[in-house]
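Okay, structure first, notes after.
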Amino acid sequence: MPTYDIGLEHVSLAFATKTIFNDVTQGVFEGDRIGIVGRNGDGKSTLLHLFKGTQEPDSGRVTKRGGLTFGMLDQRDPLDDEVTIREAALEGRADYEWASDNASREIVEALLGGMSLDAKVGSLSGGQRRRADLARLLLKDWDILALDEPTNHLDVVTIHWLAEHLKNRWSRGQGALLLVTHDRWFLDEVCESMWEVHDGEIEPFEGGYSAYMLQRVERDRQADVRETKRRNLARKELAWLSRGARARSTKQKFHVKAARELIADVPPMRNTLELKQMATSRLGKQVVDLIDVTQIFEHTQGTVSAVDRIDPDAAALADSASRVDVVNAMYAEPQLHGSVEVAVTDMTDPRLVDAGVPEAVAAAEEARAKAEAEGSASLADDREVRRMNTGGETIGGGIADSGDDTTAATSAARKVTVSGREILDDVTWLIGPGDRFGIVGANGAGKSTLLKLIDGTITPTAGHVNIGKTVKFAVLSQRLDELEKLGKYKIKEVLSRYKPSYIVDGKEVTPGQLMERLGFESAQLMTPIRDLSGGQKRRMQLLLILLDEPNVLIMDEPGNDLDTDMLAVMEDLLDTWPGTLIVVSHDRYLLERVTDQQFALLGGKVRHLPGGVQDYLDMVEAIANGKGLPPMTAGIAGTGSSSGRRSKSGGSGAASATASVAARDSSSSVAANDIETGADESAEASRKLTGKAFHEASKRVKAIERKLAKLEEQKTDLESQMAAHDPADYEGLNKLNEQLNALTSESDDLEAEWLELSEQLE
């Protein structure tokens, strides 16, 4: 038996109804970087606790090298509510002590940036506590570091920083890392080997997550396992890994050719054209149009402002910026502050109420109390039904029935100036049928605000949001409040409220079959909703939303509480969902997997990311280096000039908006478009492809990729013929070799064209 730095020897462990480990022998050597995956409840966290010594095995033993130090980030932090962040995370070190060391300063600024070191731990949010505990752990030297879901509550930028920190924390061959996470990009980036915890055993695999998927598919193929559904999902995920941008990168962690052989008969992830056609038939041409939208939150010291209620992350960021006793952040999200004049006839105007204007909030409360006393519907009741809106609606802009903004502004009895934190600055964004958009941004950038503007929950301070007549929203939020209301009911009782059958991927299925597809067992039908685990509640929340048959689905961090297998199941379901999809997530793997285009909310603008999440990280790095943001690209993600909007005193630029919508309606493929001409863009941006040229180039790139795949198949076939050919037949071999050379030459030319077009599309 090898001598591990820390290991399990013939360990068995069982709880009341489940065997976790059965005679397991496994361990960690110095230099290991191990990612741990498995279904929720199979023992990943328990494994870390066995190594730490906080969980005793039923039999067998845990061995540890003498003098070894083991640090662990648990899902529940051990911090004392009564101590300060300085005492809990920095162990009382003064500012000059941690700031004078480059390594410790980087950790503190990355994880505690924007937080006061003198704040009590008990006053922190869940995300802030998580960051403080992670900082406490990383500031110490450990021989082995075990992290249980370290990316929870971190934004994309911090996750990227943490990956780089862990890769460079030790010299090669030194230290050891054990990592439990559902973030598959993070696993692929950091880990050099994988453990799969399942059925009471720990199965090792070489390489990161991509290599693990390749080996797992090959293992299942050779063993002809019974779990056909799970195997097919794994192969589908591998297909995306090998066909996507990650497979074309220079840091490949598995052999693409071998992967292609395994997934040769796997169809594309989704038929984008077919889904768009189905979505258009259900939705029509108009879904949601944000036209010249500006959102400002006015904040009065000592009060709970609108942004506190609508977007707590944005409120926390604004609050930290107003204090002087905080740690400087490694990356400071650009914060805009502005003002806009709004013409109103009544102080209960929702534009003012949602902006948090104190006088308007007080007037709305008074009106609500009066409505409740009279037993009539209130403004709040109207807001509650907007998320399931089934009729056309224009929200904001002060638009009269005639559609004439000027008339509305002229007849207004009062003009009110709204000043404060500006989340969106004159943004125009058109969301069409079948669009699958992903949104990234730092914590506090205003992503939740953007989602609530899209679904009509809040009214923009300026501009307006047009919602199509046939739109039916559903929102998968981070909270489970709606599901908690069903807590006393059994799953079977809840499902009985829905239709007996649905069409999914061209096949008729029952709610019970969909439930099983999401990882539930038929025996759980009699389980009350309140008795489900966090991950099960998350899956049930998604199931009930899909059973409601919305045509616009908004998902806010859908990967929370799901293991990697369940994430693959969810992604598979979404691949066949024929509607408009808007996803906000810090999980870049998930975001790029289920959406076709990604956007960043940065500096008050919605910016297109043709290169995916990496483009956003490049923008962030440019800001950190003092280079500023790149110019907006015309024809992709729209923002207008703020000067035009402000001169109209809250008007919405009707002429330009009308022109944009007309252009959208004349197009068979709806994309996110800019209303402005982009005349003041830089010379570099003007050389980028836009509009029709961008669309044609995108089509050409996809055509080249299909052609390259066919050429690869032909080359493989020729190589097989040559291998089987009579070696004495020189003439025949020469002809085959000439054909192979011709295919290789054609392939090289196409690859060169692909690279050139890809650079123009970036």
Side-chain angles (χ1 to χ4, degrees), residues 188 207-224 228 231-275 505-506 568 571-572 575-576 592-593 596 612 696-727 729-759 761:
D188 226 2
Y209 183 79
S210 297
Y212 154 70
M213 288 304 304
L214 173 64
Q215 295 169 77
R216 175 171 149 180
V217 171
E218 178 64 14
R219 175 199 69 186
D220 290 351
R221 186 183 67 82
Q222 291 178 347
D224 192 24
T228 304
R231 179 185 64 218
N232 287 341
L233 285 174
R235 293 172 69 240
K236 185 174 181 180
E237 187 171 352
L238 176 62
W240 183 79
L241 281 165
S242 61
R243 290 169 179 160
R246 193 155 188 81
R248 294 193 295 268
S249 70
T250 57
K251 282 187 62 181
Q252 289 189 10
K253 297 184 180 179
F254 65 100
H255 199 285
V256 176
K257 186 174 180 180
R260 283 177 176 163
E261 292 174 358
L262 284 174
I263 53 92
D265 60 339
V266 179
M269 295 298 102
R270 50 185 172 267
N271 188 327
T272 303
L273 179 60
E274 182 180 332
L275 289 175
D505 199 15
E571 291 159 358
D572 183 56
D575 281 338
T576 59
E592 294 179 347
R593 169 67 178 79
D596 296 327
E696 293 298 327
S698 299
K699 288 172 60 179
R700 176 59 181 160
V701 165
K702 292 178 181 177
I704 291 173
E705 289 174 346
R706 290 193 295 270
K707 180 63 175 175
L708 284 171
K710 290 180 180 178
L711 289 173
E712 187 67 30
E713 292 174 3
Q714 294 174 21
K715 288 163 65 177
T716 301
D717 183 53
L718 279 172
E719 289 170 350
S720 300
Q721 291 181 44
M722 292 176 70
H725 201 79
D726 182 2
D729 182 10
Y730 298 111
E731 185 177 349
L733 282 172
N734 188 51
K735 288 181 180 179
L736 290 173
N737 189 53
E738 287 176 355
Q739 295 177 40
L740 183 61
N741 289 338
L743 290 176
T744 301
S745 177
E746 184 180 358
S747 181
D748 290 343
D749 291 342
L750 286 171
E751 286 180 354
E753 184 182 356
W754 183 91
L755 286 170
E756 183 179 352
L757 287 172
S758 296
E759 289 174 357
L761 290 173

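Just so you know, residue 1 is the first one in the sequence shown, and it goes up from there. Remember, predicted model here, so these are calculated numbers, not experimental data.
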Item to check | Any residue meeting side-chain hydrogen bond (donor to acceptor under 3.5 Å, both in side chains) with E753, in chain and number order, not counting sequence neighbours | outcome: R700

Checklist entry - Is the backbone N or O of L740 less than 3.5 Å from a side-chain atom of T744, with the two atoms forming a donor-acceptor pair by type? => result yes

Item to check | Main-chain N/O of L743 paired to S747 side chain as donor or acceptor, under 3.5 Å | outcome: no

Checklist outcome for this item: CG of N741 to CG of L736, rounded to nearest 0.5 Å, is 11.0 Å

Checklist outcome for this item: For Q721, the side-chain hydrogen bond (donor to acceptor under 3.5 Å, both in side chains) test, sequence neighbours excluded, returns D717

Checklist entry - Looking at L750 and L708, what are the two nearest heavy atoms and their distance? => result CB-CD2, 3.9 Å

Next on the checklist: Test of understanding: with salt bridge (Lys or Arg N to Asp or Glu O under 4.0 Å), list the residues that count as partners of K707, not counting sequence neighbours.
Outcome noted: E746

